[in-house]
Amino acid sequence: MSKKLATIITDVPVKYDFTEAALASNDALYTQEAYLMCKKLEFKNLLGRFSVDAPKNNAQEHFNVIKTKAEAERIWKKVDEKPLAFMVIPNVDNKQESDGQMLLFAPAPKNAFAALAVAFSEEDIYLFITGDELAADDLIAHLFACKSKQLLTANLKSQLPYLKWINEQRAAEDWEAYCTQRNRFFERTVAAYLLNPLKGEYPCDDIAKDYLGLMVPGKADLLGKKTVAEVLAEDEKKAVDYACYEAYISWKSYPVLMESLKEQGMDKLFREIEMPLVFVLSDMERQGISIDADALKEYGEKLSVSIIELEQKIYEEAGEQFNINSPKQLGVILFEKMQLPNGKKTKTGFSTSAEVLEKLAGDHPIVADILEYRKLAKLKSTYADGLANYIDETGKIHTTFHQTITATGRLSSTDPNLQNIPIRIELGKMIRKVFHPLDGDLFVDSDYSQIELRLLAHMSGDKQLIEAFRENQDIHRSTASKVFHVPFDEVTDLQRRNAKAVNFGIVYGISAFGLSQDLDIGQKEAQGYIDSYFETYPKIKEFLDRTVAEAKEKGVTKTLYGRIRPIPELSSSNYMQRQFGERVAMNAPIQGTAADIIKIAMIRVHDRLIRENYKSRLILQVHDELLIETAEEEKDAVIALLEQEMQSAADLSVELAVGTETGYDWYDAH
DNA sequence: GCGATCACGTG
DNA sequence: GTACGTGATCGCG
């Protein structure tokens, strides 16, 4: 029966005439209609096969290229108070080689750019191209001086270096003017991120499709893999289309995005937190952090010595040479050749994760050596060598902070990622010694203590947890004491460790499976801990249940500041997916609210440092930590300022405790 | 050259 | 169990 069911019948009589099925021509298949369909369904691969262009929409007829002063003046005069969209088109990077030859023309002045796209009505869509007649400076001056109340754009942070005015008028005496200008900007990408933080990218064509029902060519359609500036020099029409569409869609989507933000109660979050933060992050990126390149090199060389030693030792123990960095080869050596026990945990072979190897450490000395090798190799490749690639001519590293990546509202950091510099293991932590302030300055580093558990206390209203925080107790010890019913002072180390794991679990969205993995215990035992925890803190259970129920009902979770996190997994037909959705629903409001709060603190700290004429500057954010570079004479004032703004960023039923350290490098300051 | 996979760094 | 980014390897085209 089963076999019959599963057997494919290959001789069903089907009438089919292949000649009739043949296409008259390729054009019959690649029609405009089919193009639209593929575009809508995001069949990006198929799209490349179309020779027909995207259907013309009216906007394109109004794209105008402006190169003369007279025309430009006439256009700027037309601008009224209604919103105006813009996009700066940077120059080709002069430092890069083109066709193997260095470009011969002199480097363009700093802040200069190739073109400026502007849109302020269905018909007024322009690309100003800089040259003999139009100077970049003049265009920016016009932009800031124009009557329009809102300046609409995308990827504002990357454009800010070109918007000279906003960077030069940041002194205390210009504070009001600076704020006035800052408040004019509306960022289409950030708005779209708040409305759906799951997408990861918010390109022009997606915004047009999602919010305007408009099909416009995507960046790759017009530019391929080249930059706008490169295309502008080769195929002006395509670059014009790209830039003008960007400006046009920013202009056109503004009312829709604004309305959606209001509808979902996120307009305040957008206006008061996310938009000002763009400027703060820009300043932090530009500031950068100084690196002792020599010390970094030395650190890498020391690692190299140890790595080579370990390598030799491992080869001897294995009896042959192989690539230790290859999990595949390593698996064969350990579990086939050396027959190490229960080579379990597989997917595409043996697992050689630290978790697995740690359990095998007693069986053969090679295991410990491999674990040690891995640690050193990671430090060397990712941190010692990795960071060295990012040091600029002035000895600094400038990371990029991303504001529209995470599902929860946190920031992320890339090129390089400065939010995952080692700290847990001493040898790794040493790398922080190469991060240092400028000569004579020092770091002030403050972090929120237990912010997520404090938020859990506040949001659930659980009296026990609130009380524990109010009394400033060791929170894990307090939890252990209550859950295991032992006096506070008699909590054992093991009890505290278990309680700590449960606390983490609660914040991450607990499951018996996860906790059992973390504590290396059985799932039943883990479930027992969870049950006792919820008996001790009934309000927390109520809160988490309520959060999940609400998420199931509405499809989203919300932070205290109204940030949403859609959870489509909750309506999945797959049990594991739904369970995942429930954990996410428990975690997102807590992690997200913490992200909201530190963003508020960042803006206030940044603004006060400027307004009150400090030389100190915000340098880094690491989720619950802020790093400031400060002058010695400002130290005490800046510590007070930083702590005050971080603590008062939110008014909760528990205090937002902040711990501060100072030092002449990041190792000492944290 | 690109993407998937594994492993591992942070909060 | 949450949230990320990067490096090395390996198989694919």
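Note on naming: letters A, B, ... go to the chains in the order of the sequence lines (proteins, then strands), and numbering restarts at 1 for each one.
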### Message
Can you confirm if the NZ or CZ of A:K199 lies within 45° of the ring axis of A:Y193 and under 6.0 Å from the centre of its six-membered ring?
### Response
no
### A:D292 versus A:H436, side-chain donor and acceptor atoms under 3.5 Å
no
### Query
Roughly how many Å is it from NZ in A:K380 to P in B:dC8, rounded to a whole number?
19 Å
### Query
Which of residues 574-597 of chain A sit near DNA chain C, with a heavy atom under 4.0 Å from it?
A:F580, A:R583, A:V584, A:N587, A:Q591
### Task
Name every residue in residues 533-544 of chain A that has at least one heavy atom under 4.0 Å from any atom of DNA chain C, in order of residue number, or write none if there are no such residues.
none
### Sugar-phosphate, base or nothing in reach of A:I421, heavy atoms under 4.0 Å
sugar-phosphate
### Query
With a 4.0 Å cut-off, would you call A:E550 and A:K558 a salt bridge?
no
### Task
Select base, sugar-phosphate, or nothing to describe what A:N323 touches, counting heavy atoms under 4.0 Å on all strands.
sugar-phosphate
### Query
Please give, in whole Å, the distance from C:dA3 P to A:Q621 CD?
17 Å
### Query
Hey, does A:I291 have a side-chain heavy atom less than 4.5 Å from the side chain of A:Y390?
no
### Summary
Rounded to whole Å, the OH-C1' distance (A:Y448 to B:dT10) equals 19 Å
### Nearest listed nucleotide, side chain of A:S353, among B:dC8, B:dT10, C:dG1
B:dC8
## Note on the structure
In whole angstroms, the gap separating P of B:dG11 from OH of A:Y508 amounts to 9 Å
### Query
Under 3.5 Å, is there a donor-acceptor pair between the A:T189 and A:E187 side chains?
yes
### Query
Are any of A:R410's side-chain N or O atoms less than 4.0 Å away from OP1 or OP2 of B:dG11?
no
### Query
Just how far, in rounded Å, is P of B:dC8 from NZ of A:K429?
22 Å
### Task
Output all residues satisfying side chain to side chain contact (heavy atoms under 4.5 Å, CB included) with A:T227, sequence neighbours left out; order by chain, then residue number.
A:A229, A:E230
### Task
Using whole Å, report how far CD1 of A:I431 lies from P of C:dT6.
15 Å
### Task
Output the single nucleotide from C:dT9, C:dT6, C:dC10 whose closest atom is nearest the side chain of A:Q329.
C:dC10
### Message
If you compare every side-chain N and O of A:T348 against the phosphate oxygens of B:dT5 (OP1, OP2), does one of them come in below 4.0 Å?
### Response
no
### Task
Consider only side-chain N and O atoms of A:N503 and A:T479, and report whether a donor and an acceptor are under 3.5 Å apart.
yes
### Query
Would you call A:E274 and A:R563 a salt bridge, using N to O less than 4.0 angstrom?
yes
#### Entry: A:D205/A:K219 salt bridge by N-O under 4.0 Å criterion
no
### Message
Let's see if you can work this out: which of C:dC4, B:dT10, C:dT9 has an atom nearest to the side-chain heavy atoms of A:S412?
### Response
C:dC4
### Task
Using a 4.0 Å heavy-atom cut-off across all strands, classify A:I423 as base, sugar-phosphate, or nothing.
sugar-phosphate
### Sugar-phosphate, base or nothing in reach of A:A354, heavy atoms under 4.0 Å
sugar-phosphate
### Task
Would you mind telling me which of C:dG5, C:dA3, B:dA7 lies closest to the side-chain atoms of A:R374?
B:dA7
#### Entry: Presence of donor-acceptor pair under 3.5 Å, side chain of A:N420 and base of B:dG9
yes
### Task
Check the distance between C:dG5's C1' and A:F401's CZ and give it to me in whole angstrom.
13 Å
### Task
Select one nucleotide: of C:dA8, C:dA3, C:dG11, the one nearest the side-chain heavy atoms of A:K328.
C:dG11
### Query
Is any side-chain nitrogen or oxygen of A:R424 closer than 4.0 Å to OP1 or OP2 of B:dT10?
yes
### Query
Taking the six-membered ring for Trp, are the ring centroids of A:Y537 and A:Y533 within less than 6.0 Å of each other?
yes
## Note on the structure
A:T382 has its side chain closest, among C:dG5, C:dT2, C:dG7, to C:dG7
### Message
Does the plane of the ring in A:F335 sit parallel, tilted or perpendicular to the ring in A:F350? Use 30° and 60° as the thresholds.
### Response
tilted
### Query
Is any side-chain N or O of A:S326 closer than 4.0 Å to OP1 or OP2 of C:dC10?
yes
### Task
Remember a base hit wins even if backbone is also touched, and classify A:S511 as base, sugar-phosphate or nothing at under 4.0 Å, heavy atoms.
base
### Task
Looking only at side-chain atoms of A:S351, point me to the closest of C:dG7, B:dA7, C:dG1.
B:dA7
### Query
Roughly, in whole Å, what's the span from CG in A:L456 to P in C:dT2?
17 Å
